[in-house]
Amino acid sequence: MTEQKYNEIDIVKIEKTKINDVDFNNIDFGRKFTDHMFYCDFVDGAWQQPKIVPYQPMTIEPSARVFHYGQAVFEGMKAYKDSNGNAFLFRPEDNHKRINISAARLAIPEFPKEYFMKGLTTLMQMDKDWIKPGAGNSLYIRPFVFAFEPAISAAPAQAYRFMIICSPAKAYYTGKVRVLFAEKYSRSADGGVGFAKAAGNYAAQFYPTSLAQKKGYQQIIWTDANTHEYLEEAGTMNIFFRINDTLITAPTSDRILDGITRKSIIQLAQDTNIAVEVRRISVVEIKEAARNGSLKEIFGTGTAAVISPISAFEHAEEVFEIPDASDSYATLFKKTLMDIQQNAAEDKHGWRYEIK
Ligand SMILES: *Cc1c(COP(=O)(O)O)cnc(C)c1O
């Protein structure tokens, strides 16, 4: 970690809020941004003065290394408001830890914790009106860092920009998701960057996912790159299988992202005495469980949708429908987790972080 003294943030406030231009009942996710953004540049071997300014376009040279070599990592997190108007983040220190784990893998300098937390909380205070109360409503927060230096030789940059932008998100119900188990393409490999929220990991999924979508599947469940025999994750979500009354999820590794929702669900299952196994899961095992009726549920977990139930999967041209579970774990955990996030349930593990 860069040893650095924290400087107070320079702040330029917007002249007139844009909040009245947004219809909070009809939000097209990720297209509207709040009044302000945070940024901080890394030059001459150190993070410089952190700033908050009105959200606006920025000037960047065409030779900036990020465009050529994809040296960029990001995070995704949310702020919530309870019915009394108190605002909260969920496990934000874990996002800070993770962006630095991702950064280290991409040879990007780590961002100091105090800068991250101060930048985040100051921005939240300034744009607090954009966090709407009500079940499922939230403000999506996107911290990211990219190679800013104008130089096109293939080497790590000497200059970076760290930023935080925020976009209002509505409670959304995507409907049940149909998925394809990967047989040809891979998302990640041993020794690779699958565990990092590296920008290029997502671009690499767009094409195979578009092929899956043509076949009627919204997402791909990625399998191990060597054999395609073991189920890993969904590419923006970790994945859980319920066989009889036991939940199973793959262990995190250098191929699988260590999701904060995933580890929260594991903890909640343990709190509720629901058996959880963290182990390898083979395609053969899940197909067999689907055939004999012991496969009760599959669901994805991630900050964006919290939990997405999966209603069907295809593998080797064979389609398996998963009947609705009467006592769905997906429904149970989604409610429990959202209640904790929105200050409507006890927070035994100290996951909420109040924005004061
Ligand atoms: C972000 C992400 C997840 C989910 O992580 P959360 O911390 O739960 O939001 C899962 N898999 C991948 C590849 C991701 O990028």
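Start at 1 and go down the list; that is how both ligands and their atoms are numbered. Note that these values count all heavy atoms, side chains included, but never hydrogens, waters or copies made by symmetry.
Side-chain N/O atoms of W222 and Q205 include a donor and acceptor closer than 3.5 Å. Between the side chains of Y80 and Q341, at least one donor N or O sits under 3.5 Å from an acceptor N or O.
Salt-bridge formation is detected for the pair K113/E93: a Lys NZ or Arg NE/NH1/NH2 atom is positioned less than 4.0 Å from an Asp or Glu carboxylate oxygen. Taking the charged nitrogens against the carboxylate oxygens, D23 and K32 have no contact shorter than 4.0 Å, which rules out a salt bridge.
Considering E321, Q213, E314 as possible partners of R178, the one that fulfils the side-chain contact (heavy atoms from CB on, under 4.5 Å) test is E321.
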Need the list: ligand 1 N/O atoms against protein N/O atoms, distance under 3.5 Å, rounded to one decimal.
residue  : atom   : partner : partner atom : Å
ligand 1 : 7 (O)  : R98     : NH1          : 2.8
ligand 1 : 7 (O)  : R98     : NH2          : 3.1
ligand 1 : 7 (O)  : I260    : N            : 2.8
ligand 1 : 8 (O)  : I260    : N            : 3.3
ligand 1 : 8 (O)  : T261    : N            : 2.9
ligand 1 : 8 (O)  : T261    : OG1          : 2.6
ligand 1 : 9 (O)  : T303    : N            : 2.9
ligand 1 : 9 (O)  : T303    : OG1          : 2.6
ligand 1 : 11 (N) : E233    : OE1          : 2.5
ligand 1 : 15 (O) : K197    : NZ           : 2.8
ligand 1 : 15 (O) : Y202    : OH           : 2.3

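Not a single ring pair (Phe, Tyr, Trp, His ring centres under 6.0 Å) links Y230 to another residue, sequence neighbours left out.
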